[in-house]
Amino acid sequence: MDNRNDLWRHVDASKERFIELSDRVWAIPEVCYTEKRSVAEHVAELRHQGFRITENVADIPTAVIGEAGEGGPVIAFLGEYDALPGLSQESGVARHSEIEAGGHGHGCGHNLLGSAALLAATAMKNWLAENKLPGRVRYYGCPAEEGGAAKAFMVRAGAFKDADIAISWHPSSFWEVTPPLSLANTRADFIFTGRASHAAASPELGRSALDAVELMSVGVNYMREHMPSDARVHYALLDTGGIAPNVVQAHARVRYSIRARDLPGMLELVGRVKKIAEGAALMTETTMEMKIVSAVSNVVGNGPLEQALQGIMEDLGPPHFDDADKEFARQIRATLSQKDIDAVWRAIGVPKTEAELADFTVPLDSPRNPAIGSTDVGDVSWVVPTVQAHAPTVAIGTPFHTWQVVAQGKMPAAHKAMVQVAKAMAATGAAVLTDPQLMAAAKADFQKRVAADGGYTSPVPPEVQPPLTMSTGG
Ligand SMILES: Nc1ccc(C(=O)N[C@@H](CCC(=O)O)C(=O)O)cc1
């Protein structure tokens with residue numbers, strides 16, 4: 001049976017509430033683990049729609065699960081709602097204009113991400129009820145994707161134990177099945193402690209923690225030549241030991257992000273960076289403590305689910321953008337460089353056009369060259385067969401984590417993309433639920449891939465708890 005039109009009718013029937021939800025979350029940008037108001041908005045909507053609600057998932061106050069339906073398989077829709085620091089930006093203007101100096105902003109479009117996933121879950125719930133079908137649909141409200149690895153902690157706490165399939169999406173320039181490539185990523189703090197002293201009168205008595213951080217950077221930069229070319233290491237200074245040059249800095253702290261193609265590669269690189277930190281401590285006669293903040297795994301793809309989603313996305317087609325959508329996209333593109341635009345076209349391996357907004361579906365076998373980051377969806381994909389979509393919420397070429405993404409995040413084009421992708425996700429969930437062969441093929445493909453890679457071990461060490469205070473340097 002083809003259920004798509006029924007699912008799509010349910011999405012259209014509910015969409016206005018979810019567009020409003022997305023816009024409200026856009027207006028209250030909250031970063032890593034501080035998403036109190038954003039999760040409250042999602043909980044209120046789950047309650048309104050009649051989901052059974054579990055709050056404080058994995059002891060994370062801003063994580064929630066809503067479930068509906070009885071018996072049958074469990075289809076999980078993954079949502080996010082965290083923002084990014086320093087990206088405050090007005091909506092609907094094509095120039096950098098902060099709402100609040102230094103404020104946060106939805107520079108990765110997670111206001112749309114969470115709302116569309118919840119819309120897909122709601123449509124599927126209503127469709128199950130209308131057809132009196134066995135099956136459960138779950139919305140996972142996941143905070144802190146931007147570095148907090150909430151899903152890795154939720155996986156570790158068993159929140160996905162009985163889920164059969166997981167479906168998610170991410171805002172993008174294009175309409176496509178998300179290529180299942182991402183890097184495993186560990187964030188670790190290196191905390192150096194030395195001894196303060198008068199930097200002129202008694203420098204020989206001081207031991208500088210700041211020197212240790214600098215020497216560590218030098219060591220890591222020498223390591224770069226001798227690491228796999230797709231590995232990534234970057235850092236942020238959390239504590240430089242104070243503002244006085246005449247006080248030898250007794251404390252300093254640097255946060256590293258260490259990424260590699262897979263978990264064994266990442267663990268090896270983390271070990272090498274740790275040795276460099278130890279060497280820096282030895283050279284400066286300081287002490288060093290390493291604290292893992294959070295970690296995520298690479299994404300495991302799923303052939304049958306990707307093919308099913310591709311078919312649905314081709315049938316649906318990209319959102320229908322009108323002249324006003326295209327005009328604003330043109331204004332945004334005027335703020336981008338040709339390199340920004342060329343880079344996203346190269347990523348999908350499709351010949352470049354002048355289109356301002358995506359008007360085609362990227363073929364599954366396109367010769368892609370994607371820019372690869374990390375996501376905590378990776379950990380879900382190691383324990384549940386998982387598939388993700390990209391939908392065009394932004395003008396083609398818009399780099400993520402920029403004010404341009406925030407400026408476009410509650411425009412009509414973004415709303416159209418979130419509704420269209422909710423349709424693709426809901427139809428994929430229904431396709432798996434009603435096609436035991438597809439379900440079996442997805443599970444077999446999942447088991448084969450996970451076994452080939454030696455099974456799943458959490459990238460988060462057992463003693464590490466969700467870093468609920470990470471955004472304040474904790
Ligand atoms: N479809 C996307 C998924 C993740 C990201 C992203 O920027 N993720 C962060 C989070 C990293 C992490 O979770 O370890 C990153 O790569 O730095 C961007 C687009």
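Every number for a ligand or one of its atoms is a count from 1 in the order of the listing.
Nearest to atom 16 (O) of ligand 1 among the protein's heavy atoms is Arg259 NH1, 2.8 Å. Scanning all protein heavy atoms for the shortest distance to atom 18 (C) of ligand 1 gives Cys108 SG, 4.0 Å. Among protein heavy atoms, the minimum distance from atom 1 (N) of ligand 1 is reached at His170 CG, 3.2 Å.
Of all atoms in ligand 1, listed by their number and element, those nearer than 4.0 Å to a heavy atom of Val296 are 13 (O), 14 (O). Counting the atoms of ligand 1 from 1 in the order shown, those under 4.0 Å from a heavy atom of Gly373 are 16 (O). Ligand-side atoms of ligand 1 in range of Asn185: 11 (C), 12 (C), 14 (O), range being under 4.0 angstrom from any heavy atom. Heavy-atom proximity to His401, at under 4.0 Å, picks out these atoms of ligand 1: 7 (O).
Val383 approaches Phe446 most closely through the heavy-atom pair C-CZ, 3.4 Å.
Screening residues 95-118 for salt bridge (Lys or Arg N to Asp or Glu O under 4.0 Å) gives no qualifying pairs among residues at least two apart or on separate chains.
Nearest to atom 12 (C) of ligand 1 by heavy atom, out of His110, Glu80, Glu146, Arg187, is Arg187. Nearest to atom 8 (N) of ligand 1 by heavy atom, out of Ser374, Pro171, Pro459, Ser182, is Ser374.
A side-chain N or O of Asp23 and one of His415 form a donor-acceptor pair less than 3.5 Å apart. Residues His42 and Tyr139 have side chains that bring a donor and an acceptor to within less than 3.5 angstrom of each other. Inspection of the Ser257 and Asn185 side chains reveals an N or O donor paired with an N or O acceptor under 3.5 Å.
When the options Glu306, Glu314, Gln307 are evaluated for a side chain to side chain donor-acceptor pair (under 3.5 Å) with Gln310, the one that passes is Glu314.
Residue contacts with ligand 1 leave out Gln388, since none of its heavy atoms falls under 4.0 Å from the ligand.
Both tests do not hold together for Lys416 against Phe321: distance to the six-membered ring centre under 6.0 Å, angle to the ring axis within 45°.
Residue Glu145 touches ligand 1 through backbone and side chain together, judged by heavy-atom distances below 4.0 Å.
Applying the side chain to side chain donor-acceptor pair (under 3.5 Å) rule to Ser294 yields the partners Arg187; only residues at least two apart in sequence or on another chain are considered.
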